[in-house]
Amino acid sequence: IKAQYAQLKDLPAKTLDGIEVSLSINAGLLFDFDQIETTGANGVGLYRTEVPFMVRAEFPDVPAQRTLYEKVLDRANGKPVVFRTIDVGGDKVLPYWGELDEENPAMGWRAIRICLDRPAILRQQLRALIQAAQGRDIHVMFPMIAEVEEFDAAKKLLQRELDREKERGGILPEHVYTGVMLEVPALALQLDKLLKRVDFVSVGSNDLMQFLYATDRGNAHVSERYDILSPFALGFLKSVRDRCDQANVPVSVCGAAAGNPLEAMALVGIGFRRLSMPPPALGPVKEMIRSMSERQVAQFVHSVLEIPRVSIRPRLKAFAKDHG
Ligand code: PEP
Ligand code: MG
């Protein structure tokens, strides 16, 4: 981490007009957790638990997972860690599982879909996490939820593991917060029902943009055709944010957009107050937030939301330049 950003570590991510934004990091491997301290992050907004599964030679059993999650919680030192349950399939393959031979893996058998069809995988993971917590709070987030019923089913598996641990006489976590990744557009159209059930929502803008625009997130030919910095996409995200706010459900963004200063500026402008990003992005995003006026950005972003354009990136860039 550059010295210039290290200095910002203990300073709040507060705009010039006093709006505080909570910045967290995304993590995958154990060493990422040391970055909570070095960046001064509020916690881990997205722990991609499939990453340690991907770098192993075989599927880790419950004791191995438990040991890992214990270390994770220890290193977080009381700061919240959002455990995203295993999200394999799509662009994340487990070498020891073999190829699935799917025509559209991103839209195929992946993430929660695998876990609900093969519940032992999810149950073991949740069991390991509950045991690792030893009474500490846990945050569990389910990926690729497309229907409210899938969230209910996943939460039921979590409850079964909590009941099991109780019967065993184990110590239960003090609080168990359950939430979803909002990354399938269908779920965004079911917020009424969803928001009554979840403790938090995190927008996975990578997959959400991919599915919203039917554009492969890894395909360079289409990567510049649609932009999250468009009136439509920002308006859509704003409507999600407003609905969560009305329901009093904390909402964050943990996709790549949250880690780019320009995108992060726009996200704050449409009302997001929680962002989670790769550790090296935290300093630059914090610096941007500390130099912006929320009121001015919000005013500007709302004024351009009315223009029918594929991208308002150049306008936002010019605005950012004009305003330091
Ligand atoms: C996302 O989809 O935006 C996300 C954060 O998850 P991943 O990139 O791991 O799919
Ligand atoms: Mg995703």
Side-chain angles (χ1 to χ4, degrees), residues 22-29 32 35 41 43-55 72 80-94 100 102 104-116 122 125 139-147 150-151 154 179-188 194 198 200-219 222-223 226-229 233-234 236-237 240-241 244 250-260 263-264 266-267 272 274-282 285:
S22 167
L23 303 184
S24 301
I25 57 165
N26 297 344
L29 294 170
D32 292 328
Q35 305 293 324
V44 174
L46 168 65
Y47 172 29
R48 291 185 166 101
T49 62
E50 66 279 358
V51 175
F53 289 63
M54 287 158 68
V55 297
V72 159
V81 177
V82 178
F83 280 76
R84 176 178 72 185
T85 61
I86 184 169
D87 180 10
V88 288
D91 58 346
K92 306 168 187 92
V93 279
L94 293 184
L100 275 174
E102 294 178 301
N104 293 300
M107 296 190 282
W109 201 50
R110 60 174 286 205
I112 202 67
R113 300 168 178 181
I114 296 181
C115 287
L116 293 177
L122 183 58
Q125 185 176 35
H139 297 73
V140 180
M141 174 160 79
F142 301 114
M144 287 296 293
I145 297 280
E147 279 281 354
E150 291 170 339
F151 173 76
V180 289
M181 292 279 289
L182 191 79
E183 49 188 350
V184 179
L187 190 66
L194 180 77
V198 293
F200 63 91
V201 168
S202 192
V203 177
S205 52
N206 308 336
D207 276 315
L208 186 61
M209 285 294 289
Q210 157 164 279
F211 297 127
L212 207 49
Y213 283 105
T215 45
D216 184 338
R217 61 192 266 186
N219 185 331
V222 290
S223 65
Y226 309 103
D227 195 346
I228 195 165
L229 295 182
L234 286 176
F236 179 75
L237 291 175
V240 168
R241 186 317 301 192
C244 292
V251 57
S252 65
V253 178
C254 65
N260 297 331
E263 275 89 334
L267 291 170
F272 284 94
R274 291 162 196 263
L275 303 174
S276 192
M277 63 206 69
L282 200 135
V285 168

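Hydrogens, waters and symmetry mates play no part in the numbers below; they use all other heavy atoms, side chains included. Just follow the structure's listing: the first ligand is 1, and inside any ligand the first atom is 1.
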### Query
Hey, which of Val184, Val180, Ile114 is the one that makes side-chain contact (heavy atoms from CB on, under 4.5 Å) with Met144?
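In the set Val184, Val180, Ile114, the residue that makes a side-chain contact (heavy atoms from CB on, under 4.5 Å) with Met144 is Val184.
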
#### Entry: Partner of Cys254 under side-chain contact (heavy atoms from CB on, under 4.5 Å), chosen from Arg48, Arg84, Met181, Met277
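It is Met181, the one option of Arg48, Arg84, Met181, Met277 that forms the side-chain contact (heavy atoms from CB on, under 4.5 Å) with Cys254.
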
### Rounded distance [0.5 Å steps], CD1 in Ile25 versus CG in Leu46
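The CD1 atom of Ile25 sits 10.5 Å away from the CG atom of Leu46.
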
### CG on Leu275 to OG on Ser252, rounded to 0.5 Å
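Reported to 0.5 Å precision, the distance equals 8.0 Å.
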
Pairs of nitrogen or oxygen atoms, one from ligand 1 and one from the protein, closer than 3.5 Å: please tabulate them with distances.
unit_1	atom_1	unit_2	atom_2	d
ligand 1	2 (O)	Glu183	OE1	3.0
ligand 1	2 (O)	Asp207	N	3.1
ligand 1	2 (O)	Asp207	OD2	3.0
ligand 1	3 (O)	Gly204	O	3.3
ligand 1	3 (O)	Ser205	N	3.1
ligand 1	3 (O)	Asn206	N	2.8
ligand 1	3 (O)	Asn206	ND2	3.3
ligand 1	6 (O)	Arg84	NH1	2.9
ligand 1	8 (O)	Arg48	NH2	3.0
ligand 1	8 (O)	Asn206	ND2	2.9
ligand 1	8 (O)	Arg217	NH2	2.7
ligand 1	9 (O)	Arg48	NE	2.7
ligand 1	9 (O)	Arg48	NH2	3.4
ligand 1	9 (O)	Arg84	NH1	3.1
ligand 1	9 (O)	Arg84	NH2	2.8
ligand 1	9 (O)	Lys92	NZ	3.3
ligand 1	10 (O)	Lys92	NZ	2.9
ligand 1	10 (O)	Asp207	OD2	3.1
ligand 1	10 (O)	Arg217	NH1	2.9

### Query
Who passes side chain to side chain donor-acceptor pair (under 3.5 Å) against Gln210, sequence neighbours left out?
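Once residues adjacent in sequence are excluded, the partners of Gln210 under the side chain to side chain donor-acceptor pair (under 3.5 Å) criterion are Asp207.
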
### Heavy-atom closest contact (Ala233 atom, Ile228 atom, distance)
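Nearest heavy atoms, Ala233 then Ile228: CB-O, 3.5 Å.
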
#### Entry: Distance filter under 2.8 Å, centred on the Mg ion (ligand 2) - protein N, O or S atoms that pass it
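The answer, once waters are left aside, is Glu183 OE1, Asp207 OD2.
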
### salt bridge (Lys or Arg N to Asp or Glu O under 4.0 Å) against Glu183, all qualifying residues, sequence neighbours excluded
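Here no residue qualifies.
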
### Message
Quick one, Glu147 and Leu187 - any side-chain contact, counting heavy atoms below 4.5 Å?
### Response
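They are not in contact (no side-chain heavy atoms under 4.5 Å apart), so the answer is no.
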
### Query
Angle class for the Phe142/Phe151 ring planes (parallel below 30°, perpendicular above 60°, tilted otherwise)?
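Perpendicular: the ring planes of Phe142 and Phe151 meet at over 60°.
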
